[in-house]
Amino acid sequence: MRATVMIVDKTIDAGLFREQFPYIELVEVDTRLDQNRFVDARQHPPASAYSNTVAHWRSACVFRALAELSKMESISYIEFPDADGLAFCTLQECRLQGFLAEATVAVRLYGSHTALLHAEPRPLSISDLHLSDLERKCLRDCDCIIASSAALSEATRAAFDFPEHEWSPRVVCHQPLAALLHGSSIRTTSAHSEQRLVFGSEFQRCGRPDLFVRGAIGFLQKSPTHLGPLTLDVRGVDIAYREQIERLIPRRFMEHCEFIYDAEWPELDARVDDATVVFAGAFESAEGRAVVASSRGARVILNRANPAFGEGTCWIDGINCLKFDGTAGGLVEALERNFDLDQTLRPVELSEGALPWLSAPRHRAPWLPLEKAPLVSVVVPHYNLGGHLPATLDNLTKQNYRNIEIVVVDDASTDAQSELVIEELARNSDPRIKVVRLAANVGLAAARNVGVRHSSGRYVLTLDADDLIHPRFLEVGVAALENSSEFDIVVTPAGYFLDDEGPPSPGATANFCDYAMFSGEAVVAGLLENRFSTATALFRRSTMVRFPYIESLNCYEDWSVFMRMCDAGCRFIVTTDVFFFYRRRPNSMVHAPRDLARQRIEYSDLLRTSSSRELRQKSRYLMVGLGAAVAGNRAEVAPAVVEETPKPVPTARDVIGGLFGPGGPYDEEVVFASLKASRWLERRAPWVIQGAMAGARWTWRVYRAVRSLGK
């Protein structure tokens, strides 16, 4: 079979690769280089636009590389790793425009970033949350999920909280291919007193090098005749964490330890030969390494709590490995069993199952071109934007997709130009334009709800009266939803253009002054930032009826509706191209200055009304911790500096820095010294503190009495 291996952002010797794998084509993708973003007049955002996570940008580069490869040869099967969300853009384009319509797109479970977040303590950033959302969506949208065992599949499903009926039909159990690259030993080496003890996992917290060191040192203390070294690969490891592990080793055992700081893979593989290799982590992607170690004849000791090594896998205690209970004491016992009894072990035998590229289920329906164009209703709420509304309507009437109705909801505009424009529209003979005039101003959320109620299309697009969409957006979005009945919404990145510069020309390869990127189903990060969509998206009308805008919200009403849709399980398709053009006006709602306290109130209202019920019940407590951190977030992405405002609004960082920074009233050193002095007084002279407090109370009473006499 012909095959292609795509290497992303890794250095590889192409000549050596061709020498070892002469029948496999190598494609190298370097996402740090300039990319051809304007292929066939398509507008892909640049790398700088993907501020939420670099992984989204890397997935876009992989999609473009696959698109070029597909022009030269047909592709019937693609397999992605689950880590880093590399399949994201490819899977979205498969659903969006029938990309690789005949191919099966699979994701193999190796060990996602999300799994690491579940398995080890680490400081979380917003990028971690965005990456988790990308990985989750890749697993949800792919045709096939490949797991080495049912136990590993179930552990991953639980980590991402997928429903059973959505996950299990797409799972195929297939063993890792690592052993094929190394061959297989006929027998496993015997245990002896000079045998090396090797830490087999990557040197990271979830791999539990601390557990390995504690167990190995415990074994050496009980078995002083054992002379073999303890070997740990610490290349590229965080120095502070490495030193933390080193401190677990008593000084008298340091001569037993071998830390590898610089070595190539052949040398590392050689250290596995004639060794006992320990895999101590309880949830990690170590199975490939364990297979390699066993196939080379090493004696393998595994943590039975790791789903990759538990019951129902190819690893059988006492047959091809030894297992321990996940504790340091259990590892000591396993090592004693390994060396004292010298049990005969044999290399692991991988079960031969159906090859996924030949038998993987493909649940995606065949891509069919549109035969009938269902009606699309475009809801345009309008309030005092008469200077921009005609351009927006002209943009809509020039869409490639022709079967549309435009519902303009005038929210009781008051300026003369807007009133004149609405009156002219009401007299317009164009049957596609419907004008709804409200007697009183009801607000943006309520105006959109009115527009949805007056719409009659199968699909609804919401578009503000000063914004524009790409001429192909409706055409692309309707085709995607017609071909994928399980999806509900099509969202698109936004390109920002300045009001005085005018909109981009249709189909032009424009570089916008700013971008807003989205992941659609922002299950995790969506709580802190709106990475669902802008106000403009294409919905099934039934979804809009089910989730109306909350009219009591003064802002964040878009964030609110997407949060509720996502929580209810609605599915999003995200375009790679920019199909929405946002007009940046200094006095628009998004860019209007709001003080910090107001932003906190608005965010609290969003949590109170739109998050999951469990979170709503605790949102008051959540706000204590999150209020300051997320107060600057907006429903749509906007620059941190507000244009044409007389005075910049201080951010949470500015406020906190002013209070606790150098020279502030709560300078860190001053606070520390004060706390230290107060603790000393509490222990040595509590009467001083009590007297000071009593004096302060009497001083306050005297002050109030004098002030009342003065009045």
Side-chain angles (χ1 to χ4, degrees), residues 52 126 129-130 133 379-381 383 409 411 441-453 455 460-464 467 488-492 494 516-572 574 580 582 588-592 594 598-620 622-623 626-627 629-638:
N52 53 341
I126 192 67
L129 305 184
H130 288 305
D133 286 330
V379 174
V380 183
Y383 178 71
V409 182
D411 195 14
N441 183 270
V442 297
L444 181 58
R448 287 185 182 142
N449 286 338
V450 170
V452 173
R453 288 196 294 270
S455 67
V460 172
L461 174 82
T462 54
L463 182 67
D464 288 347
D467 296 332
D488 307 280
I489 308 135
V490 176
V491 305
T492 171
M517 307 303 300
F518 304 98
S519 57
E521 295 163 31
V523 176
V524 182
L527 177 65
L528 301 180
E529 290 184 350
N530 178 15
R531 292 297 179 176
F532 299 102
S533 176
T534 61
T536 295
L538 182 66
F539 304 83
R540 295 190 189 275
R541 186 180 184 278
S542 57
T543 303
M544 291 296 292
V545 171
R546 183 183 171 195
F547 298 98
Y549 292 95
I550 296 178
E551 299 181 7
S552 64
L553 292 175
N554 293 320
C555 74
Y556 297 153
E557 69 283 336
D558 309 315
W559 189 354
S560 163
V561 75
F562 289 118
M563 184 181 288
R564 288 180 286 125
M565 288 177 178
C566 188
D567 185 58
C570 294
R571 300 186 66 175
F572 295 62
V574 185
F580 170 58
Y582 178 84
S588 68
M589 181 182 297
V590 171
H591 293 86
R594 306 196 304 280
R598 185 66 201 167
Q599 293 178 43
R600 291 183 180 181
I601 293 172
E602 291 165 346
Y603 179 73
S604 178
D605 211 22
L606 172 72
L607 291 182
R608 179 184 64 82
T609 58
S610 308
S611 57
S612 64
R613 187 170 69 174
E614 294 81 3
L615 184 58
R616 286 200 300 273
Q617 292 172 344
K618 301 176 182 178
S619 62
R620 289 185 179 274
L622 183 71
M623 281 305 301
L626 295 182
V630 302
N633 290 327
R634 295 174 171 82
E636 296 177 5
V637 177

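In this chain, residues are counted from 1 in sequence order. Excluded from the calculations below are hydrogen atoms, water molecules and symmetry mates; all remaining heavy atoms, backbone and side chain alike, are included.
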All side-chain contact (heavy atoms from CB on, under 4.5 Å) counterparts of [X], not counting sequence neighbours:
X: N449; value: R453, P548, Y549, E551
X: S542; value: R540
X: R541; value: S455, V460, V545
X: N441; value: Y383, D411, A412

What's the spacing between [X] [atom1] and [Y] [atom2] if we round to 0.5 Å?
X: S604; Y: Y556; atom1: OG; atom2: OH; answer: 11.5 Å
X: L444; Y: D558; atom1: CG; atom2: CG; answer: 7.0 Å
X: F572; Y: D488; atom1: CZ; atom2: CG; answer: 8.0 Å
X: N554; Y: L606; atom1: CG; atom2: CG; answer: 12.5 Å
X: R571; Y: T543; atom1: CZ; atom2: OG1; answer: 13.0 Å
X: F532; Y: M565; atom1: CZ; atom2: CE; answer: 11.0 Å

Of all the heavy-atom pairs spanning [X] and [Y], show the shortest one and how long it is.
X: C570; Y: R546; value: SG-NH1, 4.3 Å
X: T536; Y: F580; value: OG1-CE1, 3.2 Å
X: F562; Y: S533; value: CZ-CB, 3.5 Å
X: I550; Y: S560; value: CD1-OG, 3.6 Å
X: A535; Y: R448; value: CB-NH2, 3.4 Å
X: N530; Y: F518; value: O-CE2, 3.6 Å

Heavy-atom side-chain contact between [X] and [Y] under 4.5 Å:
X: L129; Y: E529; answer: no
X: V379; Y: M544; answer: no
X: L527; Y: L607; answer: yes

Does a side-chain N-to-carboxylate-O contact under 4.0 Å join D605 and R608?
->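 Yes, charged N to carboxylate O under 4.0 Å.
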